[in-house]
Trainee: 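Here it is, the structure, as structure tokens.
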Amino acid sequence: MVTGELKSKIDSLWEIFWTGGLTNPLDVIEQMTYLMFIRDLDDSDNVHMKESIMLGLPYKSIFEENVTIGDRKVPGNQLKWSVFHDFPAQKMYANMQENVFPFIKNLHGDKESAYAKYMGDAIFKVPTPVMLDKIVTAMDEIYEKMEQLRSEDVRGDIYEYLLSKLATAGVNGQFRTPRHIIKMMVEMMDPKADDLICDPACGTSGFLVESSEYLRKKKKAEVLFNAKNKEHYMNHMFHGYDMDRTMLRIGAMNMMTHGVSKPNIEYRDSLSDQNEDKEKYSLILANPPFKGSLDYDIVSADLLKVCKTKKTELLFLTLFVRMLKTGGRCACIVPDGVLFGSSKAHKDIRKAIVEEQRLEAVISMPSGVFKPYAGVSTAILIFTKTGHGGTDKVWFYDMKADGRSLDDKRSEVKENDIPDIIARFKNLEAENDRKRTDQSFFVEKQEIVDNAYDLSINKYKEIEYIPVEYPPTSEIFHCASSWIRFLFAPSTSRTMPDTTVPHLHTSVPDQLQVPASKQLLPAVRSQVPSQMAAQVCPALPARRHAAPSPRSCKYTSSHKAHIHRNTVQSALPVTPVRLANIHPFARGDNYNFHTFAQRQNQSASPFGHV
């Protein structure tokens with residue numbers, strides 16, 4: 001999460017946009033993304049240049065000596081952030097409008113590429129030179145702070161924080177899948193160099209970016225040092241669809257910034273007939289939207305044949321099965337309702353995955369994973385498309401912590417099940433002997449079938465209940481009576497001989513002060529030393545934890561009442577006390593202390609007959 005000084009700097013940058021006249025949160029994020037992309041191009045070009053020199057490989061900078069923009073030739077170095085950020089405000093603004101922004105709009109040579117398509121209608125909306133100068137200065141400070149933090153996910157955290165502005169403002173309400181959850185899913189699926197990877201609801205391309213980074217780090221030689229695999233990686237491996245052109249622009253820039261030169265990011269309604277993909281992809285990673293219902297008219301007929309429903313989460317599951325080629329794998333996030341919903345559509349899609357494909361794992365996640373944007377409980381489904389079944393048993397894992405607090409702050413904590421999930425998933429053979437009381441275990445297919453294909457972990461998890469034994473009622477009442485006899489004993493007797501209670505040689509306070517806002521018995525109990533009470537009645541709860549009286553004591557006096565020993569000594573019972581017969585004052589009922597004081601010299605016991 002973005003906190004502290006970095007958060008303050010981002011808020012200041014947001015305020016510059018706001019006071020400058022850009023009040024639509026989506027416009028602000030879009031403009032900030034363009035500027036971040038321009039800066040990242042400069043940084044990325046410098047890194048590639050250094051790597052080419054170090055490795056002795058040829059590299060052609062995108063900021064070559066002269067860059068063609070329209071019918072003009074412009075010095076390439078003037079397009080670099082590190083150069084123009086020192087220009088005067090007026091010159092910088094003119095350079096941005098006339099040179100830099102047209103340059104990034106036409107950066108991709110292929111006019112049919114996703115980047116060229118969605119940058120074609122991009123507009124530079126910063127209205128004044130002074131405002132641009134302030135924005136560039138503020139962004140330099142943010143990048144400087146990012147360098148100090150040296151967190152590999154700081155960029156993702158910043159973007160997540162920016163998206164929170166959308167949710168707060170009530171515009172579109174997009175929210176990012178947490179990067180550590182994406183990383184977990186990608187590492188569990190272990191993408192291969194020849195995979196075709198797709199996210200049918202890609203948003204800002206988080207799953208695609210993380211998959212590309214995973215391949216670069218874990219399989220660098222296989223992917224980048226093999227000409228055929230590198231060409232596949234750069235131009236054909238990654239596919240993403242979305243219906244928000246702003247998100248597509250951001251996603252395309254995101255992929256290019258991470259070194260994928262031609263991502264296949266397209267504007268497409270994945271659930272409609274517009275999407276004709278069938279048996280095409282070898283890996284699908286997705287967190288599809290759970291926005292409720294769609295009209296049957298706009299949903300592909302192929303999907304409705306399998307699952308007659310309007311619910312997007314069920315339709316997307318059906319779509320994933322259709323888009324995967326035989327042997328293809330899928331890891332997707334679904335709301336908990338998909339796992340145990342009782343409608344025909346819910347049961348049909350679960351049955352189709354269990355009976356016709358090979359369901360491998362169900363990982364239940366806590367409800368705070370998507371906070372502060374959504375509190376819905378979710379799970380990860382992992383399955384392989386076979387077309388003829390293959391589910392023998394399903395691995396369940398009950399994730400209780402993801403390394404962050406489960407409140408709106410989502411601050412880092414020590415408890416983290418993610419490394420354990422990854423390690424166990426990669427070694428499922430060792431899970432066979434796990435018990436249902438453990439955090440992870442296997443469930444046989446037949447048991448799932450017998451439970452109407454219910455995939456909720458609570459259906460199969462066993463909980464150990466530890467019995468708690470309490471002393472008999474007779475012993476509790478005996479201890480209570482012994483306690484009361486001791487508290488209100490005559491002043492001449494400071495000890496209470498009893499065959500079952502040790503002799504006590506601790507004096508009782510001459511005055512018991514009872515706050516007017518508290519019950520009598522707990523208040524009296526609180527003024528008795530803990531060791532004394534334990535000796536009188538070991539079965540009673542610890543100090544300040546005595547059982548409450550049936551009703552609250554509402555005193556009419558606003559000051560503290562003082563109960564003297566000689567006032568109540570006549571109330572001591574000779575036989576064991578029956579609490580129901582104690583005077584209302586002792587039970588905690590309403591009682592007027594002035595009336596009590598007037599009666600203190602009377603012979604009758606203020607506690608009534610016991």
Side-chain angles (χ1 to χ4, degrees), residues 9-10 12-18 20-45 62-63 67 69-70 74 76 78-85 87 89 92-108 113-143 146 155-156 158-163 165-166 171-172 174 176 203-205 209 242 244-258 260-261 263 265 267:
K9 290 184 180 298
I10 295 171
S12 298
L13 176 58
W14 189 279
E15 189 174 347
I16 292 172
F17 279 100
W18 188 271
L22 284 177
T23 56
N24 185 337
L26 199 57
D27 286 342
V28 174
I29 292 177
E30 188 178 29
Q31 297 301 306
M32 288 176 68
T33 304
Y34 294 153
L35 294 170
M36 291 173 71
F37 180 63
I38 293 167
R39 164 133 192 174
D40 290 341
L41 279 177
D42 189 4
D43 293 343
S44 177
D45 184 72
I62 58 173
F63 303 105
V67 177
I69 300 176
V74 178
Q78 289 192 17
L79 307 177
K80 294 173 71 74
W81 182 285
S82 56
V83 174
F84 71 71
H85 78 143
F87 287 178
M92 183 195 302
Y93 189 78
N95 184 56
M96 180 70 74
Q97 273 193 321
E98 299 170 9
N99 301 328
V100 179
F101 205 75
F103 169 69
I104 67 166
K105 286 181 65 173
N106 300 290
L107 183 62
H108 207 289
S113 69
Y115 179 83
K117 287 179 187 176
Y118 306 120
M119 286 298 290
D121 57 355
I123 302 173
F124 183 64
K125 295 183 179 180
V126 176
T128 64
V130 174
M131 181 178 172
L132 177 62
D133 185 58
K134 290 181 179 179
I135 291 170
V136 170
T137 302
M139 291 190 69
D140 281 337
E141 294 177 357
I142 290 173
Y143 271 82
M146 288 165 60
R155 183 183 300 279
I158 288 175
Y159 198 75
E160 180 179 336
Y161 180 65
L162 291 177
L163 287 178
K165 301 282 190 179
L166 286 181
V171 180
N172 295 343
Q174 292 100 329
R176 189 182 74 119
T204 57
S205 304
V209 167
D242 206 280
D244 187 326
R245 294 184 68 87
T246 301
M247 292 294 111
L248 290 169
R249 276 197 290 271
I250 294 171
M253 286 187 286
N254 204 3
M255 292 295 290
M256 289 189 68
T257 301
H258 285 81
V260 180
S261 59
I265 310 294
Y267 180 91

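Source: prediction; values computed, not measured.
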Trainee: Can you check whether Lys80's main-chain N or O pairs, donor with acceptor, with Asp42's side chain at less than 3.5 Å?
Mentor: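 No, the answer is negative, given that no donor and acceptor are paired below the 3.5 Å cut-off.
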
Trainee: Is there a donor-acceptor pair closer than 3.5 Å between any side-chain N or O of Gln78 and the backbone N or O of Val100?
Mentor: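 Checking the backbone N and O of Val100 against the side chain of Gln78, no donor-acceptor pair under 3.5 Å is found.
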
Trainee: Kindly write out the residues that satisfy side-chain hydrogen bond (donor to acceptor under 3.5 Å, both in side chains) with Lys9, not counting sequence neighbours, or none if the list is empty.
Mentor: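 For Lys9 there are no side-chain hydrogen bond (donor to acceptor under 3.5 Å, both in side chains) partners, ignoring immediate neighbours.
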
Trainee: How would you list all residue pairs meeting salt bridge (Lys or Arg N to Asp or Glu O under 4.0 Å) that involve residues 93-104, not counting sequence neighbours?
Mentor: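 For residues 93-104: none.
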
Trainee: Which residues pass the side chain to side chain contact (heavy atoms under 4.5 Å, CB included) test with Gln97, not counting sequence neighbours?
Mentor: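 So Gln97 forms a side chain to side chain contact (heavy atoms under 4.5 Å, CB included) with Tyr93, Phe124.
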
Trainee: Please list, one pair per line, the donor and acceptor atoms closer than 3.5 Å that link side chains of residues 125-136 to other protein atoms, with sequence neighbours excluded.
Mentor:
residue : atom : partner : partner atom : Å
Lys125  : NZ   : Asp27   : OD1          : 3.1
Thr128  : OG1  : Met131  : N            : 3.2

Trainee: Please name the pair of heavy atoms, one in Asp242 and one in Gly203, separated by the smallest distance, quoted to 0.1 Å.
Mentor: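 It is OD2-N, 2.8 Å.
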
Trainee: Which atom names give the shortest non-hydrogen contact between Leu41 and Phe63, and what distance separates them?
Mentor: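 So the minimum-distance heavy-atom pair works out to O-CE1, 3.9 Å.
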
Trainee: Looking only at heavy atoms, which two atoms of Ile62 and Phe103 are closest? And how far apart?
Mentor: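 Heavy atoms of Ile62 and Phe103 come nearest at O-CZ, 4.0 Å.
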
Trainee: Find the distance between CH2 (Trp14) and CG (Leu22) and round it off to the nearest 0.5 Å.
Mentor: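 Output value for this atom pair is 10.0 Å.
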
Trainee: Walk me through whether Asn99 and Phe84 qualify under side chain to side chain contact (heavy atoms under 4.5 Å, CB included).
Mentor: CA-CA 11 Å; Asn99 301 328; Phe84 71 71; over 6 Å; no

Trainee: Give, for atom NZ of Lys105 and atom CD1 of Ile69, the distance between the pair rounded to the nearest 0.5 Å.
Mentor: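 Lys105 NZ to Ile69 CD1: 12.0 Å, rounded to 0.5 Å.
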
Trainee: Hey, are the side chains of Trp18 and Thr23 touching, using non-hydrogen atoms and a 4.5 Å cut-off?
Mentor: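 Yes. Closest side-chain heavy atoms under 4.5 Å.
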
Trainee: Looking at Pro263 and Met255, what are the two nearest heavy atoms and their distance?
Mentor: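 Closest heavy-atom pair between Pro263 and Met255: CG-CB, 3.7 Å.
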
Trainee: For Glu30, give me all partners under side-chain hydrogen bond (donor to acceptor under 3.5 Å, both in side chains), at least two apart in sequence or on another chain.
Mentor: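 For Glu30, the residues satisfying side-chain hydrogen bond (donor to acceptor under 3.5 Å, both in side chains) (neighbours in sequence not counted) are Tyr34, Arg249.
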
Trainee: At what distance, to the nearest 0.5 angstrom, does CG of Asp45 lie from CG of Asp40?
Mentor: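 That separation rounds to 12.0 Å.
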
Trainee: Over all heavy atoms of both residues, which pair between Gly76 and Val67 is shortest? Give the atoms and the distance, please.
Mentor: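 That closest heavy-atom pairing would be CA-CG2, 3.7 Å.
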
Trainee: Going from CE on Met139 to CH2 on Trp81, what distance comes out if it is rounded to the nearest 0.5 angstrom?
Mentor: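 It is 4.5 Å, given to the nearest 0.5 Å.
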
Trainee: Rounded at 0.5 Å granularity, tell me how far CG in Leu13 sits from CD1 in Ile142.
Mentor: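 One gets 4.5 Å once the value is rounded to the nearest 0.5 Å.
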
